[in-house]
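There's a structure below that I have some questions on.
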Amino acid sequence: MEPNHIQSPNQKPGSLPLFSMIVGIFALFACMSPPMQLLFGSTALMIAYLSRQGRPMAGPAVAGTIMGICGILCSFLMLGFYVLTIRMMDNPEYVAMQRAIMQQYQEMMDAFGVK
């Protein structure tokens, strides 16, 4: 008799696929901290892989995998953005522009009475 690879309705996939999806959501919302986003994204991928247990991935595990990959990609994009911003501060022309932007920001906050 061949093994049946289709889950029976009474067999639940467990909590790992759901946990993978939750960690994947955290990976997407940790966008201002690339190291945390990379950590959450890779954790979501590992948990989704471990949740398979010889069966096809459950729906939440697939969602966790997709969100984990998106979190890792966003982590690298944000890291590149931070490096680019720091490199821009080396150029005196950009430093003057940054000071002008911060002065306008301060004037706007003073106009609203925010201290």
Side-chain angles (χ1 to χ4, degrees):
M1 179 179 232
E2 291 183 28
N4 189 0
H5 293 289
I6 300 174
Q7 281 183 329
S8 61
N10 59 1
Q11 186 180 12
K12 293 184 180 180
S15 60
L16 281 179
L18 184 63
F19 187 60
S20 169
M21 187 176 72
I22 291 170
V23 173
I25 291 170
F26 284 148
L28 291 178
F29 287 116
C31 62
M32 290 301 157
S33 176
M36 289 301 294
Q37 194 172 27
L38 183 64
L39 178 72
F40 282 141
S42 59
T43 303
L45 286 176
M46 286 188 291
I47 293 171
Y49 181 75
L50 292 174
S51 72
R52 286 182 40 205
Q53 299 173 351
R55 295 175 291 183
M57 279 191 182
V62 173
T65 301
I66 292 170
M67 286 187 269
I69 290 171
C70 290
I72 290 171
L73 291 176
C74 288
S75 171
F76 286 123
L77 287 173
M78 288 302 293
L79 184 63
F81 176 74
Y82 289 155
V83 169
L84 180 67
T85 303
I86 290 170
R87 295 279 301 177
M88 284 178 61
M89 297 309 291
D90 290 340
N91 189 341
E93 181 180 314
Y94 291 120
V95 172
M97 182 179 67
Q98 174 74 15
R99 285 188 184 147
I101 291 171
M102 292 307 288
Q103 184 178 10
Q104 289 175 358
Y105 176 74
Q106 186 63 42
E107 289 171 359
M108 182 180 70
M109 288 303 192
D110 290 343
F112 286 117
V114 177
K115 294 186 182 202

With sequence neighbours left out, the residues meeting side chain to side chain contact (heavy atoms under 4.5 Å, CB included) with Q98 are M89, M102

Any chance you could measure Q37, atom CD, to L39, atom CG, to the nearest 0.5 Å?
11.0 Å

If hydrophobic clusters are built from ILVMFWY residues whose side chains come within less than 4.5 Å, do L16 and F40 share one?
yes

Enumerate donor-acceptor pairs with a distance under 3.5 Å from any side-chain N or O in residues 62-74 to protein atoms, sequence neighbours excluded.
unit_1: T65; atom_1: OG1; unit_2: A61; atom_2: O; d: 2.8

Donor-acceptor pairs under 3.5 Å, side chain of residues 23-36 to any protein atom, not counting sequence neighbours: which ones?
none

Show me the pairs that pass ring pair (Phe, Tyr, Trp, His ring centres under 6.0 Å) and involve residues 56-99, at least two apart or across chains.
none

So how far is it from M46 CE to S51 OG, rounded to the nearest 0.5 Å?
12.5 Å

Connected hydrophobic set around L79, excluding itself, where side chains approach under 4.5 Å
none

